[in-house]
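Quick note on labels: first sequence line is chain A, next is B, and so on, each numbered from 1.
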2 protein chains.
Amino acid sequence: MKEGPDISQIAALIGDPARANILTALMAGQALTATELALQAGVTPQTASSHLSKLQLGGLVLMRKQGRHRYFSLSGDDVGAVLENLMQFAASRGLTRVRTGPKDPALRAARVCYNHLAGDMGVTMFDSLAARKLIGIDEDAVRLTEQGRIFVSDLGIELDSLEKIKRPLCRSCLDWSVRRSHLAGTLGTALLDMFYANNWAKREQELRVVTFSRNGRERFNVAFPVS
Amino acid sequence: MKEGPDISQIAALIGDPARANILTALMAGQALTATELALQAGVTPQTASSHLSKLQLGGLVLMRKQGRHRYFSLSGDDVGAVLENLMQFAASRGLTRVRTGPKDPALRAARVCYNHLAGDMGVTMFDSLAARKLIGIDEDAVRLTEQGRIFVSDLGIELDSLEKIKRPLCRSCLDWSVRRSHLAGTLGTALLDMFYANNWAKREQELRVVTFSRNGRERFNVAFPVS
DNA sequence: TTCATACTTCGACCGTAAGCGAAGCATTGG
DNA sequence: CCAATGCTTCGCTTACGGTCGAAGTATGAA
């Protein structure tokens, strides 16, 4: 009847509260089992199973069998981007969940956005890289400069292996809390993994909050100074 | 139950086919009456009325009474951005409407994205401005350079009046068809209006397609050359 | 005033989909 | 082999919301 892609199908998928909860939980980046997701969504395993198969059919999540568990994850960066975009919009209209608990400030400070760092610290990192011309921004594309390549290599990131992956190395992603860009793409993922691996930070149990250790925070400030 | 903004409400609003049709129709940028929208959505006026009040309550559309007509329009650029984002995602998953008519190529070439030019020509314009450093891009923000100010003034656009409006002068917006940036914001709107006013282009009846006249196309190519 | 148009409200109908209990497959562990 | 865990499928109920006919309100035209 009308031209263009069909919005309503995916929107309807996200539009159910239980499914929205599931997707929000998966924004934390880690794959979760069906029962864990049922718990997060506040429904029984049967119901969650039905929702998950619909999400899978719609191409929003991926499933991976492992023993008697089935792990679900978002099917890609683009899903995360759509969700963040919706969150940002919802926040701008004041549509927040009833219980915005004490976690909220921590969530704004540093959180995981699917698989990379978001929140204030994510934005700080992005700005710091941009100010020192370690990354360059043309239009929407973000690229690593020559100095940038050296910099991230010094941080112990193996660019060669990252560039073998089809996903773009750098992408910018918009924050719902700060409304500014932070770094996504394989490099964004690799940096977050590095924070974990070197004990700069760890992820809170089942939540999107990322907490930096005192030492980790100092190292972060050294690595990503604000001008 | 969970932290963060509530996605499901807005997603549910967009998730109904009739409402999605209404919103897609409003992406054309012009305000439409309730009955026109009912026609576009393929439902009776009563049903459309119900949908429209819901959309209004959700903050997605605005209503303005004029005589015995009620004109509806998207409530802001951000709504358009969310919709375009969803379209892009839907297109990437191959979720296109059944009847992708002969208008499709024209739609990709030049169309209206809420209130500014999108499609190939929109991207061309954006690239041309950026290549000649008439606009500068930092992070996600787009700003008009000094040369840029002179350039658009020469095109007959009054920057002073534009800058009195609260909306940002320049914004970048992502295409679902081309997946690259084009220019939004009040300047994007003003440029499109200028195309109309000088008969470079006109909008097709009730559709998002923008057709340039032969003369208009030539002038466009002169104003926004590709490097 | 009367009629027509534009739109909304009301009420009723109906379809779809969310939800859960119970049972059915898998996989692991004893 | 049997029990336990993880998850799905089936069948059923329920309820929410989309839909439209009919009637009601506003605005404009004759």
Side-chain angles (χ1 to χ4, degrees), chain A residues 1-2 6-26 30-73 95 97 206, chain B residues 1-2 6-26 30-73 95 97 206:
Chain A
M1 177 171 290
K2 313 241 27 280
D6 188 7
I7 298 182
S8 68
Q9 289 187 38
I10 356 159
L13 278 176
I14 309 175
D16 177 80
R19 283 194 293 261
N21 283 340
I22 288 176
L23 291 170
T24 311
L26 288 176
Q30 50 188 342
L32 296 173
T33 67
T35 23
E36 283 170 333
L37 288 169
L39 217 63
Q40 290 274 334
V43 292
T44 57
Q46 307 95 291
T47 310
S49 176
S50 149
H51 285 309
L52 285 168
S53 63
K54 279 172 192 169
L55 288 173
Q56 206 180 345
L57 209 69
L60 294 183
V61 305
L62 291 180
M63 194 259 286
R64 174 169 90 240
K65 301 172 76 163
Q66 213 164 88
R68 50 181 165 183
H69 294 279
R70 308 217 161 173
Y71 285 92
F72 291 88
S73 57
L95 288 174
R97 287 245 176 64
E206 303 278 334
Chain B
M1 175 172 291
K2 314 239 29 279
D6 188 6
I7 298 182
S8 68
Q9 288 186 39
I10 358 158
L13 279 175
I14 309 174
D16 177 79
R19 283 194 293 260
N21 283 340
I22 288 175
L23 291 170
T24 310
L26 288 176
Q30 49 189 342
L32 297 173
T33 68
T35 22
E36 284 171 332
L37 288 169
L39 218 62
Q40 290 274 334
V43 291
T44 58
Q46 307 96 293
T47 310
S49 176
S50 149
H51 285 310
L52 285 167
S53 63
K54 280 173 192 168
L55 289 173
Q56 206 179 345
L57 208 70
L60 293 183
V61 305
L62 291 179
M63 194 258 287
R64 171 169 93 241
K65 300 172 76 162
Q66 211 164 90
R68 52 180 163 181
H69 294 279
R70 311 220 159 170
Y71 285 91
F72 291 88
S73 56
L95 288 175
R97 286 245 176 63
E206 303 278 333

Distance check, rounded to the nearest 0.5 Å: A:L62 atom CG versus A:L55 atom CG? 11.0 Å

Roughly, in whole Å, what's the span from CD1 in A:I14 to C1' in C:dA18? 18 Å

Output the distance between atom CD1 (A:I14) and atom OG1 (A:T24), rounded to the nearest 0.5 Å. 9.5 Å

Just call it for B:A48: base, sugar-phosphate, or nothing, with non-hydrogen atoms closer than 4.0 Å on any strand. nothing

Looking at C:dG19, I'd like to know if its phosphate oxygens (OP1 or OP2) sit under 4.0 Å from a side-chain N or O belonging to A:H51. yes

Using a heavy-atom cut-off of 4.0 Å across all strands, would you classify A:T33 as base, sugar-phosphate, or nothing? sugar-phosphate

Name all residues meeting the side-chain contact (heavy atoms from CB on, under 4.5 Å) criterion together with A:A34; count only those two or more places apart in sequence or in a different chain, and write none if there are none. A:L52, A:F72

B:S49: what forms a side-chain contact (heavy atoms from CB on, under 4.5 Å) with it, not counting sequence neighbours? none

Run the side-chain contact (heavy atoms from CB on, under 4.5 Å) test against A:A38 and tell me which residues pass, sequence neighbours left out. A:A48

Each nucleotide in nucleotides 20-26 of chain C should get exactly one letter: B, S or -. Can you fill that in based on protein heavy atoms under 4.0 Å? BBB----

Rounded to whole Å, how long is the line connecting atom CZ of B:F72 with atom P of C:dA6? 14 Å

Considering only heavy atoms of chain B and a distance under 4.0 Å, specify the first and last nucleotide of DNA chain D in 5' to 3' order that meet this criterion. D:dG18 to D:dG28

Say you draw a straight line from CD1 of A:I22 to CG of A:D16; how long is it, rounded to the nearest 0.5 Å? 8.5 Å

For B:T35 and B:P45, work out which heavy atoms get closest and say how close. CG2-CG, 4.2 Å

Nearest whole Å is fine: how far is C:dA6 C1' from B:L32 CG? 15 Å

Give one of base, sugar-phosphate or nothing for A:S50, where a contact means two heavy atoms less than 4.0 Å apart. nothing

Hey, is the side chain of A:R19 poking within less than 4.0 Å of OP1 or OP2 on C:dA18, counting only N and O atoms? yes

State, with a plain yes or no, whether a side-chain heavy atom of B:H69 is found less than 4.5 Å away from one of B:T33. yes

Sub-4.5 Å side-chain heavy-atom contact between A:L26 and A:L37: yes

Checking A:A31 now: which residues fulfil side-chain contact (heavy atoms from CB on, under 4.5 Å) with it, not counting sequence neighbours? A:R64, A:Y71, A:S73

Listing request: all side-chain hydrogen bond (donor to acceptor under 3.5 Å, both in side chains) pairs with a residue in residues 50-61 of chain B, at least two apart in sequence or in separate chains. B:R19-B:H51

Using whole Å, report how far CG of A:L52 lies from C1' of C:dA18. 14 Å

Nearest whole angstrom, please: distance from the P of C:dT16 to the CG of A:D16. 17 Å

Using a cut-off of under 3.5 Å, enumerate the N/O to N/O pairs linking the protein to nucleotides 12-14 of chain C.
none

